[in-house]
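Structure record follows, encoded as structure tokens.
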There are 2 protein chains.
Amino acid sequence: MTAVRLTGAEGRRKVGAQIRQALRVGDLAPGQRLVEQDLADDYGVTRSAVREALMDLAADDLVELVPRRGARVRVVSVAEAVQITECRAALERLCARKAAVLASPAQREELVQIGAQMRDAVAAGAVDTYSGLNRRLHELVVQASGQEVARRQLERLNGQMVRYQFRLALRPGRPAQSLPQHLAIIDGVVAGDPDAAEAAVAAHLDSVVEQLQAADPRPS
Amino acid sequence: MTAVRLTGAEGRRKVGAQIRQALRVGDLAPGQRLVEQDLADDYGVTRSAVREALMDLAADDLVELVPRRGARVRVVSVAEAVQITECRAALERLCARKAAVLASPAQREELVQIGAQMRDAVAAGAVDTYSGLNRRLHELVVQASGQEVARRQLERLNGQMVRYQFRLALRPGRPAQSLPQHLAIIDGVVAGDPDAAEAAVAAHLDSVVEQLQAADPRPS
DNA sequence: GTCGACGAGATTGTTGACAAGAAAGTCGAC
DNA sequence: GTCGACTTTCTTGTCAACAATCTCGTCGAC
């Protein structure tokens, strides 16, 4: 590797993105120590850049920053994952309700398409495709609601959940179970029925909480 | 002022707290530019400390950090304040519901006392006292819910609202209007009735949204 | 054999100087 | 008199060295 050492702001953004990516993929284990100099060498940036990137990540609760002791990948317990999902539910219910009223025709159209594609993906057993559509669905509902504040909060919350979402999607039978729930959300929003949309989102995320607890019945 | 120049972590915490305080009180106007060296001199810390403190504040959306152009106190429009309040409502509803089930006897007792003190404060026209009790009430409900994730999110949201909360509390007749709503929240939680508690919180924050929009009918 | 003190190495925290960029003020041309 | 280019000044961004602290391994005493 004879990569040029990136300088400055560019480097800082790069490190942040790289670490986030590594967390998503699972290259960085929860609890793992993150040594500034090592990261700087790995990514070819200076320690300052790494330092600022770590502070960013800590602000998003992705890493834990202990003074004089460095950074560790934050471990989110099942109990905390449940709390995060409860908050997601609270915020997404709000968004679903508003989206049912405010969504543009184009957005409603995309929702319908996502629903059809989800059906196909489940029928074909395409887990990855389904997972991507799932993300897009939630994202689109939030966008359509116009609730920017909620959008930012949800982004942060979702960032902390990647590990669990991944594990959840892989459970056999899970897509078949969540498909009707997702379709209900789509129906509610497309039909312009706030109550139905909200109820569908609530039911869906209740089911996620249930699955989380079933995955690890022992609250740490 | 011959104050010793604080060093390091201590300094960083101090600056953060000082700036937050200044924002609360209104010493720092929205949109005002924050020059790193000036703050460093004012508070007797190094520029590095100020820099890190500003990054913290930016993570909480209290200041806006424009590359190469420095930090400004973030302006939150009425429209955004409404969105923030909607998110608060979503999260506090969740907390109220859980608090109604989970609150300890001691916490229920304190809620009852806060209710009584609020009555007295309104009768006496003690706006500041009432405002403090208001804060404590919301805080206590969140604490009693055990929802730590929601607590952190609400803390962040409330930090952005200080200016509006302040202006709202000063509107004549506002305490008399919100008192019954607060008492309803207390009743719901103390009685252990999740539905009632949630509904009371929802009604209260709907009323806050209404007041916000009345304060400035023009969405920016 | 275990516990505790000591010391070497590793890691983070802090600082000040320097570089790069933006804003403001000045001068000249039209 | 006004507009635009240039220069000056101010401000932020970057970096590398230094200092403070922590961790871990080693050694010795009981």
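What you see is a predicted model; the values in this text were computed from it and never measured. Below, chain A is the first sequence line, B the second, and so on; all start at residue 1.
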* Asked: Which sits closer to the 5' end of DNA chain D, B:Asp38 or A:Pro67, going by the nucleotide each is nearest to?
  -> B:Asp38

* Pick base, sugar-phosphate or nothing for A:Leu65, based on heavy-atom distances below 4.0 Å to the nucleic acid. => nothing

* So which one's nearest nucleotide on DNA chain C is more toward 5', B:Ser48 or B:Arg33? -> B:Ser48

* Strictly by modelled atom types, are B:Arg151 and B:Gln143 linked by a side-chain donor-acceptor pair under 3.5 Å? -> no

* To do: Using atom CD of A:Gln37 as one end and atom P of D:dC22 as the other, report the distance to the nearest whole Å.
  => 20 Å

* To do: Could you work out which one of C:dG13, D:dA16, D:dG13 sits closest to the side chain of B:Glu36?
  => D:dG13

* Write down the distance between NZ (A:Lys14) and P (D:dT14), rounded to a whole number of angstrom. => 15 Å

* Pairwise distance CD1(B:Ile114) to CD(B:Gln107) - rounded to 0.5 angstrom -> 10.5 Å

* Between atom CZ in B:Arg72 and atom C1' in D:dT12, what is the gap in whole Å? -> 14 Å

* Report the distance from atom CZ of B:Arg68 to atom C1' of C:dA23, rounded to the nearest whole Å. => 14 Å

* What is the distance from atom CE of A:Met161 to atom CD1 of A:Ile84, rounded to the nearest 0.5 Å? -> 6.0 Å

* Give the nucleotide from the list C:dT11, D:dT12, C:dG13 with an atom nearest to the side chain of A:Val35. => C:dT11

* With no hydrogens and no angle check, do the side chains of A:Arg72 and A:Gln32 hold a donor and an acceptor under 3.5 Å apart? -> no

* Asked: For the side chain of B:Arg47, counting heavy atoms from C-beta on, which of C:dA17, C:dT14, C:dG21 is nearest?
  -> C:dA17

* Is any side-chain N or O of B:Arg69 under 3.5 Å from a base N or O of D:dG13, one able to act as donor and the other as acceptor? -> no

* Between D:dT12 (P) and B:Leu54 (CG): distance, integer Å -> 9 Å

* Is any side-chain heavy atom of B:Val141 closer than 4.5 Å to a side-chain heavy atom of B:Glu92? -> no

* Please determine if a side-chain N or O atom of A:Thr46 lies less than 4.0 Å away from the OP1 or OP2 oxygen of D:dT14. => no

* Structure fact -> Separation of C:dT15 atom P from B:Arg51 atom CZ, nearest Å, is 15 Å

